[in-house]
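Worksheet: the structure to be examined is printed underneath.
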Amino acid sequence: ERIRLQVTGNNLTDEIGLTEGNPRIIGGQGTGVPIRTTITSFGPTLLSKVLGLNATQESSLGLIFHFADKQGLALLDLKDLRAVIQHLVSDEGKAELKALGGLSSATAGVILRELIAFEDQGADVFFGEPEFDTADLLRVADDGRGIVTCLELPAVQQRPQLFSTFLMWLLADLFQDLPEVGDVDKPKLVFFFDEAHLLFADATKAFLEAVTRTVRLIRSKGVGIVFITQSPTDVPDEVLAQLGSRVQHALRAHTPADAANLKKAVSTFPTSPLDLSEVLASLGTGQAVVSVLDEKGRPAPVAPVMVDAPASVMGPGKPETVQALVSGSAIAGKYATAVDNESAYEILAKRLTEQNAAEAAAKAQAEADAAAKAAADAGLTLVADEGLVIENAGLTEWLAGVLERCAQYGVWGAALGPLGIVLHRAANTLDAMHGHRTSRYARFGWAAARLDDLLGWVPARATVLATASAVPL
């Protein structure tokens with residue numbers, strides 16, 4: 001006799017049957033409440049697994065996170081992490097890179113390339129703020145019933161790495177935050193992963209290890225996990241071995257490969273008096289065979305059952321229905337709008353701008369100082385008509401020198417006429433050209449300087465006497 005397995009739904013909405021719908025989308029693409037997390041919360045260990053880094057590169061990534069934390073550089077999104085790495089390998093950050101010790105420029109370059117490839121898959125929209133609080137998955141309605149949350153990644157088959165990244169973070173975050181509850185009668189939370197073959201297609205070893213470990217341990221946190229796929233072979237053996245209950249719909253054997261998969265599926269069921277090969281191949285719509293664990297954790301005998309269809313529409317919800325559920329969600333306002341707070345990218349960009357401005361100002365000052373020095377070395381050379389060279393002299397001193405020469409020319413011109421002016425000019429020129437300037441003509445220069453001083457002594461005293469006599473007593 002077949003057993004009837006009843007699966008009932010809440011027919012509170014004609015389309016989906018949710019008490020309070022929470023369609024959520026990973027990274028903000030599509031219709032729903034965006035789910036994001038920060039690079040800091042994701043952590044270097046999990047990010048290294050997603051990027052496929054080796055042990056050395058993982059350790060280096062940890063050093064980068066440590067440096068950012070010590071420098072007060074918040075890592076909120078991928079551009080923040082890229083900015084920190086680019087700073088460390090730049091000329092400005094070479095000293096800080098050297099201080100880190102274990103981080104080489106080559107390793108930093110590898111991490112940067114992996115980040116760019118990761119970002120090309122659309123991972124940039126998954127990282128940022130506001131950060132999703134996984135506790136919101138555990139909310140209940142006012143009447144105590146749980147709230148169904150639908151998580152979606154549009155075009156998941158084109159971005160498997162992003163989906164596995166999200167899943168690794170979500171399970172790790174729940175495992176860290178939820179307390180141990182032991183063997184409870186009813187789980188706090190149950191995950192249903194539809195189209196699980198997409199989840200495990202081309203999955204990395206690190207991802208399989210994380211899922212296997214989480215499935216094995218998270219049950220003690222009161223969390224259940226259900227993988228939904230067409231064939232048991234779609235789920236890796238190490239993950240499949242951790243599952244307790246099983247609902248298997250029809251398996252057809254149209255090809256030799258299908259027959260081999262059918263045989264493998266039968267071998268994974270507990271021993272049964274039923275001819276499962278025949279039963280599985282003959283099941284119709286709404287029929288399945290079920291294997292569950294009894295109260296002592298032992299596999300119960302395999303039983304064929306009839307599955308009641310859910311009391312809601314079997315198909316996608318209409319866009320307007322989904323939009324209405326999103327708009328009416330109690331947490332839509334909390335996560336709907338992305339926030340780009342000041343973080344490592346903005347801080348480093350500001351530092352670079354200030355540094356460039358300071359360097360430009362220093363360069364301009366250096367050029368001004370060099371020009372001033374060149375002008376000083378050149379002596380601001382001013383040559384009077386009479387051949388006087390003024391070096392680093394002020395205007396007052398220059399005018400005094402010009403008046404002195406004019407007085408000397410005037411005295412000797414009055415005394416000897418034009419010949420006196422010519423003789424004084426000749427003595428002055430000999431002094432300017434040779435007086436105390438070269439060792440070769442030292443004696444001649446000394447004589448020329450003394451002659452110039454003598455010719456200037458008489459006019460100077462005459463000028464003083466004339467000035468003194470012109471001043472009224």
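Nothing here was measured: the structure is a model prediction, and the numbers come from that model.
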Are any of the side-chain heavy atoms of [X] and [Y] separated by less than 4.5 Å?
| X | Y | answer |
| --- | --- | --- |
| Val289 | Phe269 | yes |
| Glu96 | Leu88 | yes |
| Arg139 | Ile331 | yes |
| Ile39 | Leu76 | no |
| Leu115 | Ile85 | yes |
| Leu217 | Phe175 | yes |
| Val50 | Phe42 | yes |
| Asp77 | Thr38 | no |

Would you say the side-chain atoms of [X] pair up with the backbone N or O of [Y], donor to acceptor, closer than 3.5 Å?
| X | Y | answer |
| --- | --- | --- |
| Gln176 | Asp173 | no |
| Asp80 | Ser343 | no |
| Ser48 | Pro44 | yes |
| Ser60 | Thr56 | yes |

With no hydrogens and no angle check, do the side chains of [X] and [Y] hold a donor and an acceptor under 3.5 Å apart?
| X | Y | answer |
| --- | --- | --- |
| Gln57 | Thr107 | no |
| Asp258 | Thr255 | yes |
| Gln365 | Asp369 | yes |

Other residues, nucleotides and ligands only: do more than 12 of their heavy atoms fall within 6.0 Å of [atom1] on [X]?
| X | atom1 | result |
| --- | --- | --- |
| His249 | NE2 | yes |
| Glu359 | CD | yes |
| Gln230 | CD | no |

How long is the gap from [atom1] on [X] to [atom2] on [Y], to the nearest 0.5 Å?
| X | Y | atom1 | atom2 | result |
| --- | --- | --- | --- | --- |
| Thr40 | Leu47 | OG1 | CG | 11.0 Å |
| Asn261 | Leu280 | CG | CG | 12.5 Å |
| Leu75 | Asp69 | CG | CG | 8.5 Å |
| Ile147 | Leu138 | CD1 | CG | 10.5 Å |
| Ile111 | Glu58 | CD1 | CD | 10.0 Å |
| Asp136 | Thr134 | CG | OG1 | 8.0 Å |

Kindly give the heavy-atom pair with the smallest separation between [X] and [Y], and that separation in Å.
| X | Y | value |
| --- | --- | --- |
| Leu251 | Ala265 | CD1-CB, 3.6 Å |
| Gly222 | Val181 | N-CG2, 3.4 Å |
| Val89 | Ala108 | CG1-CB, 3.5 Å |
| Thr37 | Glu131 | OG1-OE2, 3.0 Å |
| Ala332 | Val33 | CA-CG2, 4.0 Å |
| Pro130 | Ala338 | CD-CA, 4.1 Å |

With a 4.0 Å cut-off on N to O distance, would you call [X] and [Y] a salt bridge?
| X | Y | answer |
| --- | --- | --- |
| Lys350 | Glu342 | no |
| Asp177 | Lys221 | no |
| Lys79 | Asp340 | yes |

Query raised in the report: Only one of Val190, Asp194, Val247 clears side chain to side chain contact (heavy atoms under 4.5 Å, CB included) with Val226; which?
Result: Val190
Query - Test log, rule side chain to side chain contact (heavy atoms under 4.5 Å, CB included), inputs Arg351 and Leu73 - result: CA-CA 12 Å; Arg351 287 185 187 177; Leu73 302 173; 4.2 Å; yes
**Report entry** CA sep, side-chain torsions, deciding dist, call: Phe192, Ile228, side chain to side chain contact (heavy atoms under 4.5 Å, CB included)
**Finding:** CA-CA 7 Å; Phe192 292 85; Ile228 305 171; 4.1 Å; yes
Report task. Please step through side chain to side chain contact (heavy atoms under 4.5 Å, CB included) for the pair Val279 and Val302, ending with a clear verdict. Result -> CA-CA 11 Å; Val279 173; Val302 179; over 6 Å; no
Query raised in the report: Are the ring centres of Phe67 and Phe65 closer than 6.0 Å?
Result: no
Requested in this report: May I have the step-by-step check of side chain to side chain contact (heavy atoms under 4.5 Å, CB included) for Trp169 and Phe132, ending in yes or no?
Outcome: CA-CA 11 Å; Trp169 164 76; Phe132 180 70; 4.1 Å; yes
Query raised in the report: Taking the six-membered ring of Phe126, is the NZ or CZ of Arg36 close enough (under 6.0 Å from the centre) and on axis enough (within 45°)?
Result: no
Query - side-chain hydrogen bond (donor to acceptor under 3.5 Å, both in side chains) assessment of Glu180 paired with Ser220 - result: CA-CA 6 Å; Glu180 294 281 347; Ser220 64; 2.8 Å; yes
